[in-house]
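For reference, the structure discussed in these notes is given below.
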Number of protein chains: 2
Amino acid sequence: MARLSDVIEALIKDMIEEQDGRVEITRGELADRVNCVPSQITYVLETRFTHDLGYLVQSRRGGGGWIRIERIVPGEDKSAYIMHTVNSLDQPLTQHMADIYLRNFVDYGILTEREANLMQAAICDQALAPLPRRPRSEVRTSILKSMLVRYLLDYGRESAVAERETENKEKGGKQKENRK
Amino acid sequence: MARLSDVIEALIKDMIEEQDGRVEITRGELADRVNCVPSQITYVLETRFTHDLGYLVQSRRGGGGWIRIERIVPGEDKSAYIMHTVNSLDQPLTQHMADIYLRNFVDYGILTEREANLMQAAICDQALAPLPRRPRSEVRTSILKSMLVRYLLDYGRESAVAERETENKEKGGKQKENRK
DNA sequence: TGCCTTTGACTTTCTTTGACTTTCATTATA
DNA sequence: TATAATGAAAGTCAAAGAAAGTCAAAGGCA
């Protein structure tokens with residue numbers, strides 16, 4: 001018998017598929033649809049929509065609150081490389097090690113120097129100075145993963161837009177703004 | 001959707017933009033336009049138009065009273081705007097507050113959406129999840145500042161390169177490709 | 001038996017509302 | 001003319017509302 005969590009997972013994935021890689025909905029509404037308590041949604045998001053799997057999850061509390069789940073566009077050239085790194089990252093990272101990863105990305109033409117610099121600024125010792133060493137290296141890993149997935153997400157969208165535009169041009173059709 | 005506060009925020013920003021960086025209006029009239037109680041305007045001003053975000057809000061009570069909202073830093077000078085933020089930021093930031101800062105940058109064309117997204121990924125709750133709430137907000141401030149400063153550094157370098165290239169062109173000299 | 005799942009009571013974060021207070025300009029009054 | 005009354009603002013603050021988050025206990029299943 002299908003576990004509830006599996007049903008929720010499938011539902012979310014369907015919605016993501018239908019909606020161009022991104023869902024925004026209230027946790028409560030999602031819970032209503034499958035008749036479960038809201039906290040179960042949280043559980044599913046935490047266990048099945050992780051960075052490693054290429055998802056970003058955000059939320060906002062209070063009136064008008066929501067949860068948002070976004071997924072990278074798989075199958076791009078870059079994405080395999082970056083996701084491979086994301087998946088292999090599971091140990092705490094020193095700044096030095098993180099720098100090496102970033103340098104590699106630049107050397108292989110995956111990231112521009114600017115992009116790498118920005119990421120470096122987020123995970124350098126100075127930025128994380130308020131933290132003791134222990135959680136510092138842990139959170140460094142987490143931040144790096146988050147940024148890499150985000151990068152991929154926007155990168156994928158951009159190429160998708162570019163493709164669509166090329167198609168339109170080929171068809172000689174006129175294009176209209178389709179991003180809100 | 002349509003959180004009232006968001007509508008009010010957008011409305012005020014539009015008015016500021018149209019009127020060259022400053023609006024003067026009665027709180028009551030603003031409230032009437034969006035059909036809310038006047039104190040909600042106060043709430044929006046307090047949360048979205050603070051000094052740190054680059055605004056100066058003044059008001060006068062009594063008959064003929066008004067509120068005035070003004071951008072502190074002129075819109076054209078991107079680096080001044082970012083520096084203002086870096087300098088005035090020193091309180092711990094919730095993700096929600098950080099998002100407001102980033103959206104402000106995007107609204108004024110200081111960061112592209114992608115750049116803001118990338119920064120957002122570095123300071124979102126999901127990325128900082130390994131941390132307990134207390135140090136989390138503190139380190140968020142620190143990371144954001146670090147990224148903004150780095151952004152400025154590279155931004156400066158880039159405009160310096162652009163300038164140099166212009167100079168070279170003017171001299172008719174040929175230029176070396178030194179940046180992607 | 002040990003790991004997932006499921007549940008629900010309780011907490012925290014944001015937003016909206018409204019009753020009450022303070023301040024100011026204008027007008028009326030002594 | 002000096003003061004008092006009036007009305008028109010904005011300010012304050014706490015309560016109610018609307019979400020999501022947390023966490024530990026209970027339930028299943030390999």
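To find a chain, count down the sequence lines: A is the first, B the second, and so on, and within it residues start at 1.
The number of heavy-atom neighbours closer than 6.0 Å to CG of B/D20, taken from other residues, nucleotides and ligands shown, is 12 or below. Around CD of B/Q19, the count of heavy atoms belonging to other residues, nucleotides or ligands within 6.0 Å exceeds 12. In this structure, A/R68 places its CZ atom where more than 12 heavy-atom neighbours from other residues, nucleotides or ligands lie under 6.0 Å away.
For the pair A/R136 and A/D125, the salt-bridge criterion is met [side-chain N within less than 4.0 Å of a carboxylate O]. The pair A/K13-A/D6 fails the salt-bridge criterion, with no side-chain N (NZ, NE, NH1 or NH2) lying under 4.0 Å from an Asp/Glu carboxylate O. B/R3 and B/E9 are not joined by a salt bridge, as no carboxylate oxygen comes within less than 4.0 angstrom of a charged side-chain nitrogen.
A cation-pi arrangement, defined by a distance under 6.0 Å to the six-membered ring centre and an angle within 45 degrees of its axis, is present between A/K78 and A/Y155. Note that B/R71 lies in the cation-pi zone of B/Y108, set by a 6.0 Å cut-off to the ring centre and a 45° limit from the axis.
Between B/S59 and A/L45, the residue anchored nearer the 5' end of DNA chain D, judged by the nucleotide with its closest heavy atom, is B/S59. Nearest-nucleotide mapping onto DNA chain C: of B/G64 and B/Q95, the residue sitting toward the 5' end is B/Q95.
For the segment residues 26-36 of chain A, the set of residues with a heavy atom within less than 4.0 Å of an atom of DNA chain D comprises A/T26, A/R27, A/G28, in numerical order.
For B/Q40 and C/dT17, the shortest distance from a side-chain N or O to OP1 or OP2 is below 4.0 Å. At least one side-chain nitrogen or oxygen of A/R60 sits closer than 4.0 Å to the OP1 or OP2 atom of C/dT15.
In terms of polar N and O atoms assigned as donor or acceptor, the side chain of A/R61 comes within less than 3.5 Å of the base of C/dT12 in a complementary pairing.
In this structure, the side chains of A/R60 and B/H96 come closer than 4.5 Å at one or more pairs of heavy atoms. Between A/R150 and A/E70 there is a side-chain heavy-atom pair separated by less than 4.5 Å. Looking at heavy atoms from C-beta onward, B/I72 lies out of side-chain contact with B/Y81 at the 4.5 angstrom threshold.
Within the 4.0 angstrom heavy-atom criterion, only backbone atoms of the sugar-phosphate kind lie near B/R48; the bases stay farther away.
Counting to the nearest Å, the P atom of C/dT5 and the CD atom of A/E9 are 9 Å from each other. In this structure, B/R136 places its CZ atom 11 Å from P of D/dG21, rounding to the nearest Å.
Which of D/dA10, C/dT6, D/dA20 sits closest to the side chain of A/L4 comes down to C/dT6. Distances were taken from every side-chain heavy atom of A/I67 (C-beta onward) to each of C/dC14, D/dA20, C/dT17; the shortest belongs to D/dA20.
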Base versus backbone protein contacts along nucleotides 23-30 of chain D [heavy-atom cut-off under 4.0 Å; B, S, -] = --------

Could you summarise the pairing of DNA chain C as dot-bracket text, marking Watson-Crick and G-U pairs under 3.5 Å with ( ) or [ ] inside the strand and | across strands?
-> ||||||||||||||||||||||||||||||

